[in-house]
Each structure stands twice: as structure tokens, then as C-alpha cells.
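Note on naming: letters A, B, ... go to the chains in the order of the sequence lines (proteins, then strands), and numbering restarts at 1 for each one. Side chains are part of it too, since the values below use all heavy atoms of this structure and drop only hydrogens, waters and symmetry mates.
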Amino acid sequence: MSARPASPDSVPPDPGALLAWYDRHHRRLPWRVTPVDRESHGLLPDPYRVWLSEIMLQQTTVAAVKGYFEAFTQRWPTVEALAAADEADVMKAWAGLGYYSRARNLKACAETVVAQHGGRFPAEESALLDLPGIGAYTAAAITAIAFDRKATVVDGNVERVVTRLFAIEEPMPAAKPAVKRQAATLTPDRRPGDFAQAMMDLGATICTPKKPACALCPWERSCAARAAGTQELFPVKAPKAERPTRYGTAFVAIRADGAVLVRRRPPKGLLGGMTEVPSGAWTTAKSAADDLSAAPFEGPWRVLPTRVEHTFTHFHLIQTVRVLDVPQDRAAPAGMWWSPPAELGGEALPSVFRKVVSAALGRPV
DNA sequence: TAAACGTGGGT
DNA sequence: TACCCAAGTTT
């Protein structure tokens, strides 16, 4: 549908007013340079750190990212260091953050930046867009934040702010082009990097999905949705598809010394390239919860009394956990290996399998 | 264009 | 509890 103007006594949204708000209320984050350092001392953030943070922040909360960002920058302080890293180590370090194709693309991107750009991130949006794992949002974000060049940065926060500001009633994601067009009209020539971060901070702290703090918003008198009292109705979204339940069986073989049998998942698809305990296929058939055909050994597998549940983006999973104690000299089947207790925590185990192993061992992994 | 792709925290 | 949500990208 079309955008409505704000109320008759409204004022046009002023980018300067948002920047002034940001100067006072910006959040201090490990990958950021403060507005004062930027404006007074001409400081720009390290593009490597900006890029790394933006990849980690894709569909992921700031709280979840902080520790991983710290660990990655400590271990791999530069894009050269990351490009030279062992991919398995990167996957291990990423374990638990989710969306694991990001980790593989992260490594590939670092290699490309080193091999094709002399170890420097390009400042051009179009060049950034060609790099693995960098899409429209991230290319614009790096251009604006790392290089302080004008770019229209549209993430979920900006979508919410803009659809409310202009009361855009067209449902997402169809409204994306309209949102980008409106966002572009707001983006200032001066301080585009701070402006981008200001829009995102505004969405994260004031223009929140539920109960937005409109009284504290620098654009309150510019907001069409606020004028109509309909701010919580935006952005309009299409109804979500139902999430089916799937069932499966996981096999935790425990060697005498406490080592657990694990294997690598196929490189692509769900949890691609990550580590798992041997498991049967996850299907909507409940019989999968009682299927021993994927067991790595013959034996009296005992059933754990509690099934392990985990929710993915597009389905819910209920896993039966079966446990078997095996002697110390039992060889791992082809393609599998024994992970000793001291190394188990460092494996590239996604959360879904960390839950399974923890349940089987009776202690956190 | 729509579906695949994780996880943990908030309400 | 169940659902929603978070600084999206890829196919």
C-alpha cells in the first residue's frame, strides 16, 4: 500500500535530531568508535572488526555476540590471521552462535580479502557485495560505519523505524524496496556511519517491537504511526508458516575413559560441517524416536528417561538419547573419532548436540 | 519469491 | 508455556 503523511502538526524527520540523540545515548560496544572520537579526532573503526561484528550480529543479539567477538579478535586480531587460520578451528570457535554457514563464509571472505584486496577491505559497496557472506545490509553497514561513506543501511531495526515513521502498511518483505527508498531520503551526507548506528540503536532501545518508548524518541513528532497511535502494528508481516515437529535418535557411546564418539556432519545444509554424535535422520514420523538403525555399535543401548528437545528456525526436534558404555580398546568406526573429556567442550558441537551429550553424561559440556 | 538456515532471551 | 524476536544471506 502507500505511505501516509504524519499528522498535520508533524515535522519532517530531521537526521540531525537523530544524530544529536545518538551523541547522548549511543551504546558503547567493543567494535565501535565513539562519536566524539570519530568527530573530534577523525578516528575510524578497524574495518576488520566492523566486518566481523556485522557478520556475527546477523540475526543475533548483541548480548550473544560480545563474548564471541572478544574471543575471535583475541585469537585472530587481523584479517590476515583469520585467513591463515584452520577452518576447523574457526568452526569450533563459532560453535553455539548458530547459522554456521556464516563461519564458513567468514573464513572464505577473509581469504578473498587477503588474496584479492591486499588484506584491506574495499570501501565500495559493490565490491563488498561480491564477498562471501556479505549481502545488501552488511555491504552498506561496512561502507557507512567503517569508512564513513554514505550508504543506506537497512536492517530489522531500520525497517521497524521507517515503517512506523511513514506508516507503511504494505507487509514485509514486499515493502523492503519502499523502506529502502524512504531510508535513503533520510540518510545525511554528514556522519553517515553514525547515522546508520543511530537508526539501529533507536530501533533497539526506543522504537522496540513491543511497547516502544515513543516519549523518548527524537522523532516522535515526525512519526505517522505515533500520531495515529498504531506504532505497535508496524512493521506489518505476513503470517508465519507452522513449525512441524520432527523426531530422531542420538547415540552417545561412552568409552571407559569418558571419551565420546563423534563425527563430522556433511559440509552443506543444516549444521553443515559441524560435529555431532551419531544420529538417525530427523523425520516427522514418530517411529524415528525409537529407531536403532543408525547406532554406531551393536549393544544394549539404554534409553535416557528424558528426551532432548530443541527448536530450530523451521522445525521443532525431539530426540531420544541412547547411551552405551564401551571398553577402552573399542575402535571408532570409519569417519568417526573419540573425543576425550578434556577436548569435548572445544569441539564444534552445535547447541542441539551439546544438549544431547550433556544429558547423557549428566554434566554440562 | 520463498524456504532454508540456530540460538538464547524476553514476554 | 508458547511465541516472538535479533545488526541477513544464500539458493
Going 5' to 3' along DNA chain B, which nucleotides are the first and last within contact of chain A (any atom under 4.0 Å from a heavy atom)? dA4(B) to dG8(B)

Touch check for Thr60(A), heavy atoms < 4.0 angstrom, all strands: base, sugar-phosphate only, or nothing? base

Which word best sums up how the rings of Phe195(A) and Trp219(A) line up, parallel for under 30°, tilted for 30 to 60°, or perpendicular for over 60°? tilted

Please tell me which of Arg243(A) and Asn105(A) maps to the more 5' nucleotide of DNA chain C, matching each residue to the nucleotide holding its nearest heavy atom. Arg243(A)

Starting from P on dC3(C), measure out to NE2 on His314(A) and report it in whole angstrom. 17 Å

Looking at Arg104(A) and Glu87(A), is there a salt bridge between them, counting it only when a charged N and a carboxylate O are closer than 4.0 Å? yes

With a 4.0 Å limit, can you tell me whether Lys268(A) has a side-chain N or O closer than that to the phosphate oxygens OP1/OP2 of dT11(C)? no

Arg104(A) side chain near dT10(C) phosphate (N/O to OP1/OP2, under 4.0 Å): no

Indicate, with a heavy-atom threshold strictly under 4.0 Å, whether Trp31(A) touches base, sugar-phosphate, or nothing. base

So Gly203(A), base contact, sugar-phosphate only, or nothing? Heavy-atom distance under 4.0 Å. nothing

Just the rounded figure in Å: distance from P of dT1(C) to CD of Glu309(A). 10 Å

Rounded to whole Å, please give me the gap between OH in Tyr99(A) and P in dT10(C). 14 Å

Touch class at under 4.0 angstrom, heavy-atom based, for Ala241(A) against every strand present: nothing

Rounded to whole Å, please give me the gap between NE2 in His310(A) and C1' in dC3(C). 16 Å

Using 4.0 Å as the upper bound for N to carboxylate O, is an ion pair formed by Arg149(A) and Glu124(A)? yes

Do Asp189(A) and Lys150(A) meet the salt-bridge criterion of a basic N to acidic O distance under 4.0 Å? yes

My understanding is that only one of Arg243(A), Arg246(A), Glu309(A), His310(A) makes a side chain to side chain donor-acceptor pair (under 3.5 Å) with His316(A); could you say which? Glu309(A)

Any Gln59(A) side-chain N or O less than 4.0 Å from OP1/OP2 of dA6(C): no

Without decimals, in angstroms, what is the distance between His316(A) NE2 and dC3(C) C1'? 13 Å

So Gly96(A), base contact, sugar-phosphate only, or nothing? Heavy-atom distance under 4.0 Å. sugar-phosphate

Across the strands shown, which category fits Ile142(A) at heavy-atom distances under 4.0 angstrom: base, sugar-phosphate, nothing? nothing

Heavy atoms under 4.0 Å, any strand shown: does Arg354(A) hit a base, just sugar-phosphate, or nothing? nothing

Separation between the P atoms of dT11(C) and dG6(B), rounded to whole Å: 13 Å

Contacts to DNA chain C from residues 61-70 of chain A, heavy-atom cutoff under 4.0 Å, which residues? Thr61(A), Val62(A)

Judged by atom type as modelled, is there a donor-acceptor pair below 3.5 Å linking the side chain of Arg322(A) to the main-chain atoms of Thr249(A)? no

Identify, between Leu271(A) and Pro173(A), the residue whose nearest nucleotide on DNA chain B lies closer to the 5' end. Pro173(A)

Under 4.0 Å, counting only non-hydrogen atoms across every strand here, what does Thr138(A) touch: a base, just sugar-phosphate, or nothing? sugar-phosphate

What is the distance, to the nearest angstrom, from the NZ atom on Lys180(A) to the C1' atom on dG8(C)? 12 Å

What about the rings of Trp31(A) and Phe69(A), do their centers lie closer together than 6.0 Å? yes

Tell me if the centroids of the rings in Phe315(A) and Phe312(A) come within less than 6.0 Å of each other. yes

Do NZ/NE/NH1/NH2 and the carboxylate oxygens of Arg49(A) and Asp46(A) come within less than 4.0 Å? no

Tyr137(A) OH - dA6(C) P separation (whole Å): 13 Å

Considering every strand and a 4.0 Å limit on heavy-atom distances, what is the contact class for Arg160(A): base, sugar-phosphate, or nothing? sugar-phosphate

Between Asp201(A) and Arg32(A) (salt bridge meaning N to carboxylate O under 4.0 Å), is one present in this structure? yes

Determine whether the aromatic ring centres of Phe121(A) and Trp51(A) lie less than 6.0 Å apart. yes

Comparing Lys210(A) and Gln58(A) on DNA chain B - which has the more 5′ nearest nucleotide: Gln58(A)

What integer distance in Å separates Leu97(A):CG from dT9(C):P? 16 Å

